Amino acid sequence: MNKKEVSQKYRIPIEILDEYESWGLCNVVKYVMGEWQYDDQDLDRLSTIMALHDVGFSNKEVEKYMRLLLETNDSKEKIISLLNNQRANKLKQIHLQEKQLERIDYLKFKMKNSKEK
């Protein structure tokens, strides 16, 4: 499949495909008649890239993750560390939002229990 077909069929933004190609990680992708051709292995990698973007990884972090994924030496621990860091950041965000919700609930409680003017 070419870039346009992949983008339309799997709803992957062209920018993500351009990013993937620019990293030089798509050595399986072949440039045929002026267009990149994607195979199943590329689609699997793109699925991982989309998942990483969905959970909040930056472009730089996605590239680092993908490069580690393709390495064979000690990359598993580094990948798990990246995932743990992202998870910790998400938990911090959740806790902050929980505190904000508590403040909203407090203000609602306070308003309901105040004397009407």
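Counting from 1, the numbers follow the sequence of the chain as shown. This one's a predicted model, so the numbers in the text were calculated from it and none came from an experiment.
Residues M1 and L43 form a side-chain contact, since some pair of their non-hydrogen atoms from C-beta on lies under 4.5 Å apart. In this structure the side chain of K64 never reaches within 4.5 angstrom of the side chain of K78, judged on heavy atoms. Within the 4.5 Å cutoff, no side-chain heavy atoms of K3 are placed close to those of V6. Between L17 and S7, some side-chain heavy-atom pair lies under the 4.5 Å cut-off. Side chains of L91 and R87 form a contact here, defined as non-hydrogen atoms less than 4.5 Å apart. With a 4.5 Å cut-off on side-chain heavy atoms, H53 and N59 count as touching. Side-chain atoms of Y38 and Y10, non-hydrogen and from C-beta on, never get closer than 4.5 Å to each other.
Counting non-hydrogen atoms of neighbouring residues, nucleotides and ligands closer than 6.0 angstrom, the NZ atom of K90 exceeds 12 such neighbours. N84 CG: more than 12 foreign heavy atoms inside a 6.0 Å radius. More than 12 heavy atoms of other shown residues, nucleotides or ligands fall within 6.0 angstrom of atom CG in N113.
Distance alone, capped at 3.5 Å, places no donor-acceptor pair between the E21 side chain and the D18 backbone.
The line from CG of L82 to CG of L52 is 9.0 Å long, rounded to the nearest 0.5 Å. M66 contributes atom CE, which lies 9.0 Å from atom CD1 of I79 (distance to the nearest 0.5 angstrom). Put simply, CD1 on I12 and OG on S47 are 7.5 Å apart, with the number rounded to the nearest 0.5 Å. Here the OG atom belonging to S114 is positioned 11.0 Å from the CG atom belonging to L107, to the nearest 0.5 angstrom. The distance from atom CD of E77 to atom CG of L68, rounded to the nearest 0.5 Å, is 10.5 Å.
Between R67 and E71 there is no salt bridge, since no side-chain nitrogen of the basic residue lies less than 4.0 Å from a carboxylate oxygen of the acidic one.
Applying the side chain to side chain contact (heavy atoms under 4.5 Å, CB included) criterion to K76, with sequence neighbours excluded, gives I80. Residues meeting the side chain to side chain contact (heavy atoms under 4.5 Å, CB included) test with Q100, sequence neighbours left out: L96, Q97. Residues passing the side chain to side chain contact (heavy atoms under 4.5 Å, CB included) test with E61 are F57, S58, Q86, sequence neighbours excluded.
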